Each structure stands twice: as C-alpha cells, then as structure tokens.
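Data first, discussion second: the structure below is written as structure tokens.
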Number of protein chains: 2
Amino acid sequence: MTSTTETPGSNAQRERRRRILDATIALADSGGYDAVQMRAVADNADVALGTLYRYFPSKIHLLVTALGREFERAEAQSRTRVVPGDTAHQRVMHVLGVTTTALQKQPELTEALTRAFMFADASVAEEIHVVGVKLTAMITHAIDGTDEAREPTDEDMAIVRVIGDVWLSALMGWVTGRTSADDVTKSMDVAVKLLLR
Amino acid sequence: MTSTTETPGSNAQRERRRRILDATIALADSGGYDAVQMRAVADNADVALGTLYRYFPSKIHLLVTALGREFERAEAQSRTRVVPGDTAHQRVMHVLGVTTTALQKQPELTEALTRAFMFADASVAEEIHVVGVKLTAMITHAIDGTDEAREPTDEDMAIVRVIGDVWLSALMGWVTGRTSADDVTKSMDVAVKLLLR
DNA sequence: GCTATGATTGAAACACGTTCTAGATTCGGA
DNA sequence: TCCGAATCTAGAACGTGTTTCAATCATAGC
C-alpha cells in the first residue's frame with residue numbers, strides 16, 4: 001500500500017520541498033492567504049523564486065499541497081485511535097468538533113488553506129482529490145467507530161460525501177466571516193442528524 | 001416589500017452600473033474568470049477604470065454582485081410558476097435539474113461566477129448573503145410546491161441549507177473539472193433523497 | 001446663469017503572481 | 001576523476017488587480 005509520504009527526488013530535494021511547505025504553513029498561519037507571497041515563501045525556505053515554481057507551479061498548487069500534508073497528518077493521527085461515542089452521530093460529531101476546534105485556533109491558516117482550496121481550478125484537480133480522500137477517510141472511520149475498518153456501504157459513502165460537502169460550505173461561511181465557529185458546529189450537527197438517522 | 005431592484009443614484013449612475021454588470025457577464029460568458037479583466041470591463045462598459053472601482057471595490061465584489069443579479073432574475077422567474085412534481089423530492093430535483101442544465105450551457109460564465117463566490121473573503125459577506133437568500137428561497141419554494149408559500153418549518157430550513165451546501169460543493173467539483181455535470185445531478189439526487197425522506 | 005461640490009476621466013504608478021534568462025552548482029554515469 | 005545534463009540562483013521583466021492624482025465634467029442649490 002503506497003498511500004503515504006512517497007516523495008521522489010534526492011535528499012536535498014526532499015529537504016527543499018519540506019522547507020517550502022513549512023514556510024508556506026508558517027506564513028499562512030501568521031497572516032492568511034495574502035501573507036503567503038511567493039517571494040516571501042522562497043526567501044523563508046532559502047530557495048530561489050524559480051526553484052519554488054519548479055516545485056509548485058502556482059500559489060494555489062502550493063497551498064493545496066500544504067493542505068494535503070496537514071490532512072495527511074490529521075488523518076494519520078485519527079487512524080491510530082478509536083473514536084469515542086456510542087452512535088455514529090456522536091462519533092462523527094466528535095471528529096468534526098475536534099477538527100473545528102483545531103481550525104479555530106489557527107484562523108489565518110484555515111483562511112489561507114480554505115480559500116486556496118475553493119479557488120482551485122481544474123489544474124489542481126489531483127491535489128484536491130488527495131484532500132478529498134483524506135477527509136472522507138476520516139469521516140468514514142468515525143462512522144465505523146472501530147479501528148478495524150469494515151467495508152462501508154454505498155449509503156455510507158454517499159452520506160460521507162454529503163457531510164464533507166456541508167463541512168466545506170460551513171467552513172467557507174466561517175472563513176468569509178458570515179458565520180461563527182459555533183455556527184459551523186451547529187450546522188454540522190443538524191446535517192449529521194438529518195443524515196445519520 | 002423592498003426585496004427587489006432598488007439601486008440608489010441618478011439615472012446616469014444606474015445606467016453606468018447596469019453597463020458595468022452587463023459587460024462583466026458578457027466577458028465572463030466569453031472567457032470565464034480570467035477574461036473578466038478590470039480594464040476590459042471598464043472599456044466595454046464605457047467607463048473609466050477609476051469609476052469602475054468606485055462602483056465595485058474589487059473584481060470579486062463585481063462578480064459576486066453580478067451573480068446576485070442573475071440569481072435575482074432566476075428566482076423571480078421561479079417565483080411566478082408552480083414547480084412541477086408530486087413530491088418535494090421531485091420538485092427540488094426539477095429545480096436543481098433546470099438550474100444545472102442552464103449553467104451547463106454557459107460553462108465559462110458559471111466558472112467565473114462560482115470561482116468568485118468561492119474566493120470571496122469577509123469583505124464580500126453582504127453580497128454573498130444576498131445570493132444565499134435567493135438560493136434558499138428557490139429551494140424552499142420547490143419544497144413547498146405551491147405558489148402560496150406556507151411557513152417553512154425549522155427542519156425545512158435546515159434541509160434547504162444542507163441542499164444548498166451540497167449544491168455549492170458539487171458545483172465546485174464541476175467547475176474545477178473534477179466531476180461532470182451528470183455527477184452534479186447524481187450527487188444532488190442522492191443528497192436530496194437522503195434529506196427528504 | 002453661476003458656483004461649489006462631488007463624480008468621472010485618463011493615465012501613471014504600484015503590488016504581487018508568474019515567466020524568462022544567463023550564469024553557477026550539483027550530481028549521476030563513463 | 002571528469003563530463004554533460006539537470007537543477008538551482010539571482011534578478012529582470014511582464015500582466016493584471018488596485019491605487020492615486022490632476023484635470024474635466026455634471027449637477028444641485030442659490
């Protein structure tokens with residue numbers, strides 16, 4: 001199974017790539033989408049601007065890839081533990097709650113990554129797909145509840161997708177300042193209740 | 001009831017505003033988000049660049065406002081007629097199907113407006129809210145089915161919001177080339193079935 | 001009609017994403 | 001060890017969103 005970190009290239013290249021993504025996350029965390037300026041990323045990663053563009057063909061690719069790495073981390077962590085809760089509803093809300101709280105603590109970072117994800121066009125399809133897979137994996141795991149994954153039914157998968165969609169929209173509402181983090185949790189609760197009944 | 005077209009200013013100003021939005025839609029229709037260049041909009045609307053910025057403080061505001069005007073039009077039209085279908089599910093799918101078909105016919109326009117909507121930040125909250133209201137009004141009307149709107153229940157409203165969220169995500173998938181228009185319809189069908197049961 | 005005030009214009013200038021170029025540097029293979 | 005190819009660097013340059021400014025125009029109130 002080759003699902004995780006397989007990055008091609010020499011050691012030095014893997015290092016550069018890591019420095020670039022680290023700088024991206026740091027800048028995003030400090031000032032959101034606008035603070036992630038390509039020249040600043042290149043400087044902070046000790047890399048020339050041209051090199052940055054050789055690794056990531058656009059700011060959007062860069063940010064969505066960074067988002068993917070964060071999700072990778074979160075999903076890996078969630079995979080290691082049994083999600084608490086007696087019902088699927090409780091377990092899903094637990095995962096979503098934990099995630100929302102985490103995002104809330106880094107609003108600038110969340111804004112940067114979410115907006116990049118939203119703005120992405122067709123050329124970023126692959127990176128976006130990676131994120132989608134991780135997200136659905138997390139929710140599916142929560143519905144299951146056990147660490148031993150049973151095969152999810154078609155309906156399960158449909159429900160997971162809808163939950164993911166609602167989560168994305170809610171996140172968008174929060175990022176654009178139309179709703180509060182509480183509203184995000186509330187609307188997720190309503191949606192999950194409607195779906196997992 | 002002051003729900004519709006109330007635009008302040010002199011006649012000449014209303015005219016300018018209309019020309020600007022017309023030019024925006026025309027450019028978006030012809031070449032999508034990238035083709036809506038502020039200098040081009042100003043030229044086509046016979047307006048100075050500075051004037052364009054006096055009317056709309058950014059490209060995003062401009063596009064989201066244009067989206068609002070299109071929704072206004074669509075919602076007004078949908079309001080005038082009884083939605084066909086025996087069940088809420090059928091009626092909602094009818095409205096979503098008609099809308100999706102319409103969007104499919106103008107993919108560049110859809111791409112431009114959707115991406116602007118997605119990329120919007122907090123400063124565009126008001127314009128975005130307008131769009132949200134129109135969208136939920138259309139779906140609510142479809143659930144109702146009658147031209148005489150009865151008061152929707154809390155659950156109705158929650159369902160409508162979830163449907164709107166899923167629709168937005170599906171649209172995003174289509175715009176970014178990850179899914180086909182058929183997929184949009186299919187995923188809406190699944191979501192609506194799950195919700196209106 | 002005249003004037004003050006605000007709106008509009010045209011054009012320059014700036015910011016940041018992106019591209020391009022010419023010269024180092026690195027690295028794998030003979 | 002040396003060569004050629006790929007990669008990296010520094011920096012200039014370009015495109016488009018946005019800002020700014022001086023000059024002109026339109027209009028409401030006298």
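By convention in this document, chain letters (A, B, ...) are assigned in the order of the sequence lines, proteins followed by strands, and residues within each chain are numbered from 1. Predicted, not measured: the structure shown is a model, and the values here were computed from it.
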Would you indicate what Val41(B) reaches in the nucleic acid, counting non-hydrogen atoms under 4.0 angstrom: base, sugar-phosphate, or nothing? nothing
Categorize Tyr55(B) for me: base, sugar-phosphate, or nothing, with a 4.0 angstrom heavy-atom threshold over every strand shown. sugar-phosphate
Pairs where residues 52-62 of chain A contributes a residue and the test side-chain hydrogen bond (donor to acceptor under 3.5 Å, both in side chains) is met, not counting sequence neighbours: Ser58(A)-His61(A)
List in chain and number order the residues that pass side-chain hydrogen bond (donor to acceptor under 3.5 Å, both in side chains) with Glu15(A), two or more places apart in sequence or in another chain; answer none if no residue qualifies. Arg18(A)
Between CZ of Arg54(B) and C1' of dG6(C) the distance, given in whole Å, is 7 Å
Qualifying salt bridge (Lys or Arg N to Asp or Glu O under 4.0 Å) pairs, either residue in residues 112-121 of chain A, two or more places apart: Glu111(A)-Arg115(A)
Just the rounded figure in Å: distance from P of dT9(D) to CG of Asp46(A). 9 Å
What pairs of nitrogen or oxygen atoms, one from the protein and one from nucleotides 18-25 of chain C, lie under 3.5 Å apart?
residue, atom, partner, partner atom, Å
dT18(C), OP2, Tyr53(A), OH, 3.0
dT18(C), OP2, Lys59(A), N, 2.9
dT18(C), O5', Tyr53(A), OH, 3.4
dT18(C), O4, Arg39(A), NH2, 3.0

Among residues at least two apart in sequence or on other chains, which ones pass ring-ring contact (aromatic ring centres under 6.0 Å, His included) with Tyr33(A)? Phe119(B)
Length of the line joining Arg14(B):CZ and dA7(C):P, which is rounded to integer Å: 15 Å
Grab the CD-C1' distance between Gln13(A) and dT9(D) for me, whole Å please. 15 Å
Sequence neighbours left out, what passes side chain to side chain contact (heavy atoms under 4.5 Å, CB included) with Ala48(B)? Give chain and number order. Thr51(B)
Kindly give the atom pairs (protein nitrogen or oxygen, nucleotide nitrogen or oxygen) under 3.5 Å for nucleotides 24-29 of chain D.
none

Separation of Leu27(B) atom CG from dG17(D) atom P, in whole Å? 11 Å
Integer-rounded Å distance: dC8(D) C1' and Arg17(A) CZ: 17 Å
Between the axis at one end of the helix from dG1(C)-dC30(D) to dA30(C)-dT1(D) and the axis at the other (five pairs apiece), what's the angle to 10 degrees? 20°
Within the structure shown, what part of the strands sits under 4.0 Å from Asp43(A) by heavy-atom distance: base, sugar-phosphate, or nothing? nothing
Qualifying salt bridge (Lys or Arg N to Asp or Glu O under 4.0 Å) pairs with a residue from residues 34-48 of chain B, counting only residues at least two apart or across chains: none
Atom-to-atom span, OH of Tyr33(B) to P of dT16(D) - whole angstrom: 13 Å
Sequence-distant partners of Arg16(B), side-chain hydrogen bond (donor to acceptor under 3.5 Å, both in side chains), two or more places apart: none
Could you state the CZ-C1' distance from Phe56(B) to dT18(D), rounded to the nearest angstrom? 16 Å
Quick check: closest heavy atoms across Val162(A) and Val162(B), and the distance to 0.1 Å? CG1-CG1, 4.3 Å
Which atom of Met138(B) lies closest to which atom of Ser78(B), heavy atoms considered: CG-OG, 3.9 Å
side-chain hydrogen bond (donor to acceptor under 3.5 Å, both in side chains) pairs touching residues 168-192 of chain A, sequence neighbours excluded, are His89(A)-Asp189(A), Thr176(A)-Arg178(A), Ser180(A)-Asp183(A), Asp189(A)-Lys193(A)
Listed by chain and number, what are the side chain to side chain contact (heavy atoms under 4.5 Å, CB included) partners of Ala42(A), not counting sequence neighbours? Leu49(A), Leu52(A)
